[in-house]
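What follows is one structure encoded as structure tokens, with my remarks underneath.
What you see is a predicted model; the values in this text were computed from it and never measured.
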Amino acid sequence: MGEFDTVEQFEPRFRKVRPPEEGERIKVVNGRLVVPDRPIVAYIEGDGIGPEIITAARRVIDAAVEKAYGGRRRIVWWELYAGHKAEKVYGELLPEDTLNGIRYTLVALKGPLETPVGGGYRSLNVAIRQALDLYANIRPVFYFGQPAPHCYAEHDNFVIFRENTEDLYAGIEWPADSPEARKLREFLRREFGIEIREDAGIGIKIISKYATQRLMRKALRWAIENRNRVVTIMHKGNIMKYTEGAFREWAYEVALKEFREYVVTEEELQTKYGGKLPEGKILVNDRIADNMLQQIITRPWDYEVIVAPNVNGDYISDEANALVGGIGMAAGLNAGDFIAVAEPVHGTAPKYAGKDVANPTAAILSGVMLLKYVMGWREAADLIIEAIKRAIREKKVTQDLARHMPGVRPLRTSEYTEVLIQYIREAKV
């Protein structure tokens, strides 16, 4: 995860929490994370179904670590607070203790946090990403054999790199009747001759060269390390020329200036290589957003790593996961240069909270991303993936998948968790 040579180890002060004494901190040495055998990993249960699915994820992860390493390694979990639970402990939704705790551990597993629609406080999920500069939202899409509406589901194998700090998610907007919106309408009319209706709310879309290029850099490093063959830039640059069009140009600039030895453009593929990608090279191409949204349905085999601005990345990751059965399987990893916070893509699902029916797989797979791509504990991660595949194959699934399997009794969240733990323990290592 690291991209610099050195980093000063963060030494925070805490008001109401203390790091566990038995574990060790993950450190950064020469630009790389160094993970001890007893790392302290933070977790936030979150709101709604969060406590149920995060508890399930921790139990499954612990079982896999125990099986893979026979007690030689173990995660020391440390609870931090955000959302309604934090409000009870601190009187606020996102205390500084929580942000400092994640800065201290570098690695965290987080449940979904409630975000009101149309009013109230701004998204806590976004606030955490921005406060910790977790600029890459990495969302894998993979078919495990579950019921899926897509006839090409077995070809759905993407990783989406969504920019995490800018675009409309920067939250720069004003209601139509606010004095700020009125001033801005007047300024645009006076200075640029732009007429905006008096009853229009106003939001500002921000895309910078800096944020675009560090995202593209991380996506290309991922592609190199994981031997991906295609990196696609998704944008709406034909209409938003100086934001999303610039996103496209800046992303290409990184590819061609910093990764020239690895990459081939679509034009070069045709003019220099006769349409055949040379061994060891990565094709870097781009697609307009609306075309991209249909192409992953009609020809998913053409895509592997997709790099997108914030809003586009949100849309396409939800669509892509719907193709393989829904966001109950959708994992996510928010990553900066060194800090990584894993969280499921889905929300709090309050109508299912406390009913022991939610699918915890997205939270579990988010933990898999921490194990595999951040901590380097691939053996444990692979045990979990194989257990999930087996559960689906043997139709041991929760209600969101069982309803598409005639005659299958849905398992409760707790029952499904026990099944996965049993499969992990039975696995040969």
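- A donor-acceptor pair under 3.5 Å is formed between the side chain of Lys16 and the backbone N or O of Val89.
- The main-chain N or O of Trp250 is found under 3.5 Å from a side-chain atom of Gln213 such that the two form a donor-acceptor pair.
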Donor-acceptor pairs are to be reported for all side-chain atoms of residues 175-184 against protein atoms at under 3.5 Å, with residues two or more places apart or in another chain.
{"residue": "Ser178", "atom": "OG", "partner": "Pro175", "partner atom": "O", "Å": "2.8"}
{"residue": "Ser178", "atom": "OG", "partner": "Ala181", "partner atom": "N", "Å": "3.1"}

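- Of the possible polar contacts, one joining the Asn164 side chain to the Leu134 backbone as a donor-acceptor pair under 3.5 Å is found.
- With sequence neighbours excluded, the residues forming a side chain to side chain contact (heavy atoms under 4.5 Å, CB included) with Tyr210 are Ser208, Arg214, listed by chain and number.
- Judged purely by atom type and a 3.5 angstrom limit, Ser366 uses its side chain to pair as donor or acceptor with the backbone of Gly332.
- Looking at Asp167, its side chain does come within 3.5 Å of a backbone N or O of Val311 through a donor-acceptor pair.
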- Task: Kindly indicate, with the supporting measurements, whether the criterion side chain to side chain contact (heavy atoms under 4.5 Å, CB included) is fulfilled by Arg15 and Tyr90.
- Result: CA-CA 9 Å; Arg15 289 170 52 206; Tyr90 290 89; 3.8 Å; yes

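- Both tests hold for Arg58 against Tyr43: distance to the six-membered ring centre under 6.0 Å, angle to the ring axis within 45°.
- No side-chain donor-acceptor contact under 3.5 Å links Gln130 and Asp133.
- Side-chain atoms of Thr105 come within 3.5 Å of backbone atoms of Gly101 as a donor-acceptor pair (strictly under, hydrogens ignored).
- At most 12 heavy atoms of other shown residues, nucleotides or ligands fall within 6.0 angstrom of atom OH in Tyr315.
- Counting non-hydrogen atoms of neighbouring residues, nucleotides and ligands closer than 6.0 angstrom, the CZ atom of Arg197 reaches no more than 12 such neighbours.
- The backbone N or O of Ile327 lies less than 3.5 Å from no partner atom in the side chain of Asn321, so there is not a single donor-acceptor pair.
- In terms of heavy-atom proximity, Ile282 sits nearest to Asn228 at CG1-O, 3.5 Å.
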- side chain to side chain donor-acceptor pair (under 3.5 Å) assessment of Arg129 paired with Tyr169: CA-CA 11 Å; Arg129 297 168 193 167; Tyr169 277 75; over 6 Å; no

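- At least one donor-acceptor pair closer than 3.5 Å links the side chain of Thr413 to the backbone N or O of Ala358.
- Side-chain N or O atoms of Glu304 include one that pairs as donor or acceptor with a backbone N or O of Arg229 at under 3.5 Å.
- Tyr252 pairs by the ring pair (Phe, Tyr, Trp, His ring centres under 6.0 Å) definition with nothing, not counting sequence neighbours.
- Distance alone, capped at 3.5 Å, places no donor-acceptor pair between the Lys67 side chain and the Leu383 backbone.
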- Query: Hey, mind stepping through Thr348 and His84 against side chain to side chain contact (heavy atoms under 4.5 Å, CB included) and telling me if it holds?
  - Reply: CA-CA 12 Å; Thr348 58; His84 294 305; over 6 Å; no

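- At least one side-chain heavy atom of Arg217 sits less than 4.5 Å from a side-chain heavy atom of Phe259.
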- Message: Would Glu244 and Asn312 count as a side chain to side chain donor-acceptor pair (under 3.5 Å) here? Give the steps.
- Response: CA-CA 10 Å; Glu244 299 212 8; Asn312 288 340; 2.8 Å; yes

